[in-house]
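We count residues from 1, following the sequence as given.
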Amino acid sequence: AMKKCKQESEILDALYSLGIEKVNFSFLTMETQREIVEAIQAVADEFPCICGKITSISVALPPFVGWRSEAETLLDSDLTIHIKLNARYFLMPKKFKRTLTAEKQSQYAAGIGIQGVVAHELGHVLHMLLEIRRFYDILSPFDSNQFVDTNPIVQEVQKTLGITSKQMRYYLSAYGAKDSDEAVAECVSEYFTTKNPRMFSRLVVAKLRSKFQ
């Protein structure tokens, strides 16, 4: 039991050092917990702005998370951010990984595995942080550059690469073709979980990085 305790406290310590103080990983395998932490650490290394901005990460059952959603990131009315991992998927990692492999192969999703799902949610965290900043910047002198919706980011990259919205699914993923928020999340997912991220993801992540400097 001691070893298990040590492992669990290491996971909590790692999340705590990323500023995530409320954690509920009930029934998750140790391997799944580690994959979640590694994905968050990888994104936090390049985007330290997420540290201290995620209030909670928890395993949730429907209806507290959408039945079909693998995971969800919620921005609460008090501007706190919460990541919910759907127990339907995360509690069955072997089956879940098969599903995720199929999603990757069918070009539905751009990232890889459970880490890809977590990195996708962190892509949403990043766009929410931009939204929060925009909200607060109303108080400061007007600066059109502060209006940093995901739309202009995605459109600029589409324009640079000469990609139409219809072609997005081939240069990113079907999921990423839904709207600009999902496109950004998919780019973050691909960038942090694949060996050779494609140009679309690389350019979007570079633009995101410049927004947080």
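When all heavy atoms of A44 and L18 are compared, the closest pair comes out as CB-CD2, 3.6 Å. Residues Y171 and I163 share a closest heavy-atom pair of CG-CD1, 3.3 Å. Residues A109 and E186 approach most closely at CA-OE1, 3.3 Å, considering heavy atoms. Heavy atoms only, all atoms of each residue included: P197 and S201 are closest at CB-CB, 4.5 Å. In terms of heavy atoms, L100 sits closest to G113 at CD1-C, 3.4 Å. Closest approach of V154 and A183 over heavy atoms only: CG2-CB, 3.9 Å.
In this structure, the side chains of T164 and Q158 stay at 4.5 Å or more apart for every pair of heavy atoms. In this structure the side chain of M128 never reaches within 4.5 angstrom of the side chain of K53, judged on heavy atoms. Counting only heavy atoms from C-beta outward, the side chains of E35 and K97 approach each other to under 4.5 Å. Residues L129 and I81 form a side-chain contact, since some pair of their non-hydrogen atoms from C-beta on lies under 4.5 Å apart. Between L122 and F47 there is no side-chain heavy-atom pair separated by less than 4.5 Å. Two residues are said to be in side-chain contact when any heavy atoms from C-beta on lie closer than 4.5 Å; C49 and L126 meet this criterion. Residues L203 and L161 are in side-chain contact: their nearest non-hydrogen atoms beyond the backbone lie under 4.5 Å apart. The shortest side-chain heavy-atom distance between L75 and I132 falls under the 4.5 Å cut-off.
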Inset, instruction - Run the numbers on E70 and E103 for side chain to side chain contact (heavy atoms under 4.5 Å, CB included), then give the verdict. - result: CA-CA 12 Å; E70 289 163 357; E103 285 180 5; 2.6 Å; yes
Inset, instruction - Apply side chain to side chain contact (heavy atoms under 4.5 Å, CB included) to the pair L28 and I36, showing each step before the final yes or no. - result: CA-CA 10 Å; L28 286 187; I36 294 165; 3.7 Å; yes
Legend entry - side chain to side chain contact (heavy atoms under 4.5 Å, CB included) evaluation trace for M30 with E8: CA-CA 8 Å; M30 220 52 229; E8 281 178 2; 4.1 Å; yes
Inset, instruction - Could you go through the side chain to side chain contact (heavy atoms under 4.5 Å, CB included) check for V23 and I11 one step at a time? - result: CA-CA 10 Å; V23 179; I11 293 285; 5.7 Å; no
Inset, instruction - List the steps, then state whether side-chain hydrogen bond (donor to acceptor under 3.5 Å, both in side chains) holds for T150 with D181. - result: CA-CA 6 Å; T150 51; D181 286 353; 2.5 Å; yes
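A donor and an acceptor atom, one from each side chain of T55 and H82, are nowhere located under 3.5 Å apart.
Counting non-hydrogen atoms of other residues, nucleotides and ligands closer than 6.0 Å to CG of D45 gives a total above 12.
Y170 and Y191 fall within a single hydrophobic cluster, where Ile, Leu, Val, Met, Phe, Trp and Tyr are joined by side-chain heavy atoms under 4.5 Å apart, directly or via other members. V118 and Y108 are not part of a single hydrophobic cluster, where members link through side-chain heavy atoms under 4.5 Å apart.
Listed for the S189 side chain is no donor-acceptor partner under 3.5 Å among the backbone atoms of A185. Under a 3.5 Å cut-off, the side chain of E190 and the backbone N or O of R198 do form a donor-acceptor pair. Distance alone, capped at 3.5 Å, places no donor-acceptor pair between the K84 side chain and the I57 backbone. T80 places no side-chain N or O within donor-acceptor distance of the main-chain N or O of D76, the cut-off being under 3.5 Å. For the pair E72 (side chain) and V65 (backbone), a donor-acceptor distance under 3.5 Å is absent. A donor-acceptor pair is defined here as one N or O able to donate and one able to accept, closer than 3.5 Å; no such pair exists between the side chain of Q107 and the backbone of R169. Not one N or O on the side chain of N86 forms a donor-acceptor pair closer than 3.5 Å with the backbone of P62. Remark: the backbone N or O of T73 is paired with a side-chain donor or acceptor of E121 at under 3.5 angstrom.
Atoms CD1 and CD1, on I83 and I40 in that order, are 5.5 Å from each other to the nearest 0.5 Å. Annotation: the span from R88 atom CZ to K95 atom NZ amounts to 7.5 Å, rounded to 0.5 Å. Distance check, rounded to the nearest 0.5 Å: OG1 of T193 to NE2 of H120 gives 11.5 Å.
Checking each of L172, V157, L208, I153 against C187 for a side chain to side chain contact (heavy atoms under 4.5 Å, CB included) leaves exactly one that passes, namely L172.
Using cut-offs of 30° and 60° for the angle between ring planes, the Y89 and F96 rings count as tilted.
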